[in-house]
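A short write-up of the structure that comes next.
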There are 2 protein chains.
Amino acid sequence: MTTDVTEAAALADSIRSVGLKVTEPRLAVLDVIEREPHIDAERIFRSIRISLPGTSVQAVHGVLAAFSQAGLVRRIEPAHSPALYERRVDDNHHHIVCSACGAVEDVDCAVGHSPCLIPSSVSGFQIQSAEVNFWGLCPNCQTA
Amino acid sequence: MTTDVTEAAALADSIRSVGLKVTEPRLAVLDVIEREPHIDAERIFRSIRISLPGTSVQAVHGVLAAFSQAGLVRRIEPAHSPALYERRVDDNHHHIVCSACGAVEDVDCAVGHSPCLIPSSVSGFQIQSAEVNFWGLCPNCQTA
DNA sequence: CTCATGTTTTGAGTCATTCAAAATACGGCT
DNA sequence: AGCCGTATTTTGAATGACTCAAAACATGAG
């Protein structure tokens, strides 16, 4: 549950490496995201408030905004869900969401790197990125 | 700007065909979505309030909820945008959004019907649908 | 150790949407 | 053609997720 010293140092290093100051709230937030990917701001807040009694949800949003902008975490926004955050940031992977319980898992695209991500007609658009979300039932919800 | 009689009748028919009652607000909303796809609730409201002075945004949301549930319109929720509505509902097409101005265009997947939409590993999920959003710059925003 | 600047706190406000109760209108039936 | 039950809209309030702003505070460069 608790982070050991070397782990904390690693987190601090990643924060410093993107040019941000290392603070308690930032360490705590990054730690939670690392431990539980695809988590939303509210749940991050509930997770860190035990060790950081003075924190607020707004503070968490502030930290997350800084992290996202710095490229330290990725923010995903599946339909019908608040924004979720994860640390896998450099590979363009996608997600599968359980339409029943909301569980989220990472998915690598089947056809290689980004093949079907070059659509036939783009109406003159200059494509920058693609976002793919699968919807389905997770193993648990299939039986229930 | 105004809908002629046969057009109105066609709209009424599609509404009836999904088992919903035909009302002024519903006709107006469906008409606007047909005329301007990828429009949000607020803009639909502003568009119909001229001919329907008594309407409210909540009413529009009500109509849209009924339409979506009945499968008459499709609701899409791109990141950083309110929900958008469109009438193309039976083909699984995707969208490209301008990251500068928010313009949205339809996109058919390049590799056929839904090829890369079968991811390699699905963690035991039973896939129901896939949602693909491209992000880029529209022709206008490329020059500016 | 000190201080400027970056962060967090605190509190309020916004946007998109939903909920609930009362008023109203659609359309099947006579 | 008119009536009535029920679906729909109106009206008003409330929610969830997030943003904004000012004041208090902490980090880390010097």
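First the proteins, then the strands, lettered A, B, ... as listed; each starts at 1.
- Taking atom NE2 of B/His80 as the reference point, atom C1' of C/dC15 lies 15 Å away to the nearest angstrom.
- Summarising the geometry, the separation between CG on A/Leu84 and C1' on D/dC18 is reported as 14 Å, rounded to the nearest angstrom.
- Comparing atom distances between the B/His61 side chain and each of C/dT18, C/dT8, D/dT9 picks out C/dT18 as nearest.
- Here the P atom of nucleotide C/dT8 and the CG atom of A/Leu20 are 9 Å apart, to the nearest Å.
- Side-chain atoms of A/Val63 lie closest to C/dT8 of the nucleotides D/dG28, D/dT10, C/dT8.
- At least one side-chain nitrogen or oxygen of A/Arg26 sits closer than 4.0 Å to the OP1 or OP2 atom of C/dT8.
- Looking at heavy-atom distances under 4.0 Å, A/Ser56 makes contact with a base.
- Side-chain contact check for B/Glu77 and A/His80: at least one donor-acceptor pair (N or O, by modelled atom type) lies under 3.5 Å.
- B/Asp13 places its CG atom 15 Å from the C1' atom of C/dG27, with the value rounded to the nearest Å.
- Heavy atoms of B/Ala83 sit under 4.0 angstrom from primed sugar atoms or phosphate atoms, though from no base atom.
- Each of C/dG27, D/dC18, C/dT17 was ranked by its minimum atom distance to the side chain of B/Arg75; first place goes to C/dT17.
- What you find for A/Asp31 and A/Glu7 is that their closest heavy atoms are OD1-OE2, 4.1 Å.
- In terms of position along DNA chain C, the nucleotide closest to B/Glu42 lies nearer the 5' end than the nucleotide closest to the other residue of the pair B/Lys21 and B/Glu42.
- Between the CZ atom of B/Phe45 and the C1' atom of D/dT11 there is a distance of 13 Å, rounded to whole Å.
- Rounded to an integer number of Å, the gap from B/Leu30 CG to D/dT9 P is 12 Å.
- No more than 12 heavy atoms of other residues, nucleotides or ligands shown are found within 6.0 angstrom of CG on B/Asp90.
- Looking at heavy-atom distances under 4.0 Å, A/Glu24 makes no contact with the nucleic acid at all.
- Among C/dT17, C/dT8, D/dC18, the nucleotide with an atom closest to any side-chain atom of A/Ala59 is C/dT8.
- Residues A/His94 and A/Glu131 have side chains that never bring a donor and an acceptor to within less than 3.5 angstrom of each other.
- When rounded to the nearest whole Å, the span between CD1 of B/Ile15 and P of C/dA25 equals 17 Å.
- Residue-environment remark: CD (A/Gln142) exceeds the threshold of 12 foreign heavy atoms within 6.0 Å.
- The distance between atom CD of B/Gln58 and atom C1' of C/dT24, rounded to the nearest whole Å, is 17 Å.
- Here A/Val57 lies out of heavy-atom contact (under 4.0 Å) with every strand.
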